[in-house]
Amino acid sequence: MTGVDAAIDVQDLHKYFGDNEVLKGIDFQVEHGQVVCVIGPSGSGKSTLLRCTNMLEIPTSGKVIVEGIDVTDPDTDIDQVRSRIGMVFQSFNLFPHLDVLGNLVLAQRRVKKRSKEEAVECARKNLAKVGLLDKEGAYPAHLSGGQQQRVAIARALSMDPDMMLFDEPTSALDPELVGDVLAVMKNLATEGMTMMVVTHEMGFAREVGDKLVFMDGGVIVEEGDPREVLANPRHDRTQTFLSKVL
Amino acid sequence: MRRTTRAKLNLGILYAILVVALGLLLLLADWSAIKENFFDTSVLKSLWPEIVTVAAKNTIVYTAIAFVGGLVFALLLALMKLSPVAPYRWIATGYIELFRGLPALVVIIGFGFAVPIAFNWRPPGGTVGAGVIALIIVSAAYMAETIRAGIQAVPKGQTEASRSLGMSGTWTTTSVVLPQAFRIVIPPLTNELVILIKDTSLLFVIGLAASERELTTFSRDAVSSTQNSSPLVAAAALYLIITLPLTRLVAYLERRTQRAR
């Protein structure tokens with residue numbers, strides 16, 4: 001195992017919600033520059049695994065090590081670690097009381113202590129990257145879902161993160177808007193960003209992913225090269241799932 | 001065809017009842033007595049200008065102090081009620097339940113008379129100061145519940161997005177949650193303001209000096225000195241002039257927030 005060098009190293013992770021064991025001992029790594037896609041039926045624990053990575057969910061037991069820092073250690077400054085992990089949500093979660101630029105600038109000022117000029121410059125750079133430079137004065141309510149999600153990606157990128165987590169980033173979008181968001185994610189992958197993506201977009205996983213992880217019932221059933229797993233799934237459960245979604 | 005005829009007939013009956021009731025009211029009312037007792041122009045003229053420059057002004061000043069004070073206090077209580085520290089929650093809950101459960105009049109009498117005597121306390125601004133403090137205490141209890149509901153109405157995803165950017169809990173509360181919560185609570189808080197305007201009338205029980213009188217005290221004094229009820233009508237009109245634009249504003253704000261969703 002390459003544990004020490006991994007961007008994300010998850011060791012024997014268990015998570016209970018009440019009596020319900022959602023993660024039943026997960027061991028899993030994301031290497032630097034890798035794009036890891038996590039697929040599986042709803043309730044399989046894939047989103048919970050992602051949310052444990054930046055401690056939005058507190059694991060019941062086990063370790064999560066991000067860039068060599070044990071985030072499950074209570075002495076870890078979790079805000080500091082989170083500022084280095086970009087996160088994109090299914091429901092965008094833009095701040096509705098701030099315009100696009102305000103959304104991108106807020107955490108840069110508060111957390112990175114950047115000057116206003118610096119923060120705005122960085123924000124514009126990332127808005128250009130997602131193709132929305134002309135929307136910097138717009139409020140989230142006036143943007144389409146696809147535009148909101150691209151702003152959310154730009155917001156996360158403005159913190160200059162070491163890696164990005166995506167929690168079903170296209171699931172809440174109208175079908176014709178999915179492509180724009182996936183294109184932005186593809187560009188990020190090409191630039192070498194470390195990414196962990198919970199998704200139902202098998203095409204994206206096949207084309208962009210370096211590793212595909214299939215989860216079911218709180219365990220990793222199968223993982224490997226996406227083209228390999230999608231074409232020749234070894235496990236029955238993977239086969240059943242893929243036959244339903246493909 | 002038959003259904004529409006029946007509907008028209010029903011409508012006709014409703015209008016007929018209205019016309020008969022209004023007609024009876026007009027016939028049976030003693031108009032000269034009403035005019036003499038409630039609309040005596042010489043009495044009304046004698047109220048001017050103190051009813052505006054003293055009474056209405058004091059009503060607005062007491063309301064403003066009680067509202068701002070109550071709002072600051074209410075925010076503190078709301079944050080205490082949502083605190084992870086259990087004793088803070090207990091204190092806030094106890095306070096809110098206590099002062100929402102008591103009549104405002106009882107609290108005003110308590111602070112106006114009982115507390116100063118019991119603790120040998122000289123309230124700032126004298127008796128009327130104690131009365132305004134009582135209004136702050138009561139309105140804070142109501143507004144705290146409103147603000148707490150507003151804070152909880154901000155979606156959890158907002159907090160998660162903020163925290164995942166590395167923002168601390170405090171920054172998240174002040175920069176993300178509270179600005180959104182305040183937008184949500186502006187219409188209900190304006191309602192609290194209207195209630196507060198009317199509640200300043202309760203201050204009449206603690207006895208106010210001439211220059212401290214608000215609308216109700218002022219008009220009651222005028223009623224007893226003139227032996228005529230017209231001052232009460234004048235005070236009522238002034239209350240409406242202050243409250244009606246605010247209730248219209250609430251209606252407008254509520255329509256606007258509904259559209260935004």
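Note that the structure is a prediction, hence the values are computed from the model and not measured. Chain letters run A, B, ... following the sequence lines, proteins first and then strands; every chain starts at 1.
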- prompt: Picking from B:V176, B:V154, B:T159, which has the most non-hydrogen pairs under 4.5 angstrom with chain A?
  reply: B:V176
task: Give, as side chain, backbone, both or neither, the part of A:L98 having an atom under 4.5 angstrom from any heavy atom of chain B.
output: neither
message: Whether the side chain of B:Q158 engages the backbone of A:L94 through a donor-acceptor N/O pair (distance < 3.5 Å, no angle test) should be reported.
response: yes
field: A:F95 portion near chain B, given a 4.5 angstrom heavy-atom threshold
entry: both
statement: Output for pair (A:R109 CZ, A:L104 CG), nearest 0.5 Å, gives 14.0 Å
- request: Could you grab the distance from atom CG of B:L203 to atom OG1 of B:T200, nearest 0.5 Å is fine?
  value: 6.0 Å
- prompt: Among A:L165, A:V81, A:L106, A:N54, who wins on heavy-atom pairs under 4.5 Å with chain B?
  reply: A:L106
Contact listing (chain B partner; residues 144-164 of chain A; heavy atom under 4.5 Å): A:R155, A:A156, A:M159
message: Under 6.0 Å between ring centres: does that hold for B:Y95 and B:F73?
response: yes
- prompt: Is the closest basic N to carboxylate O distance between A:K135 and A:D99 below 4.0 Å?
  reply: no
task: Check whether any side-chain heavy atom of B:T63 sits under 4.5 Å from a side-chain heavy atom of B:I242, and report yes or no.
output: no
- request: Could you tell me whether B:E160 and A:R51 make a salt bridge, using a distance below 4.0 angstrom between a side-chain N and a carboxylate O?
  value: yes
message: Could you check whether any side-chain heavy atom of A:T72 comes within less than 4.5 Å of a side-chain heavy atom of A:M55, counting everything from C-beta outward?
response: yes
query: Tell me, side chain or backbone of A:I85 under 4.5 Å from chain B's heavy atoms, or both, or neither?
result: backbone
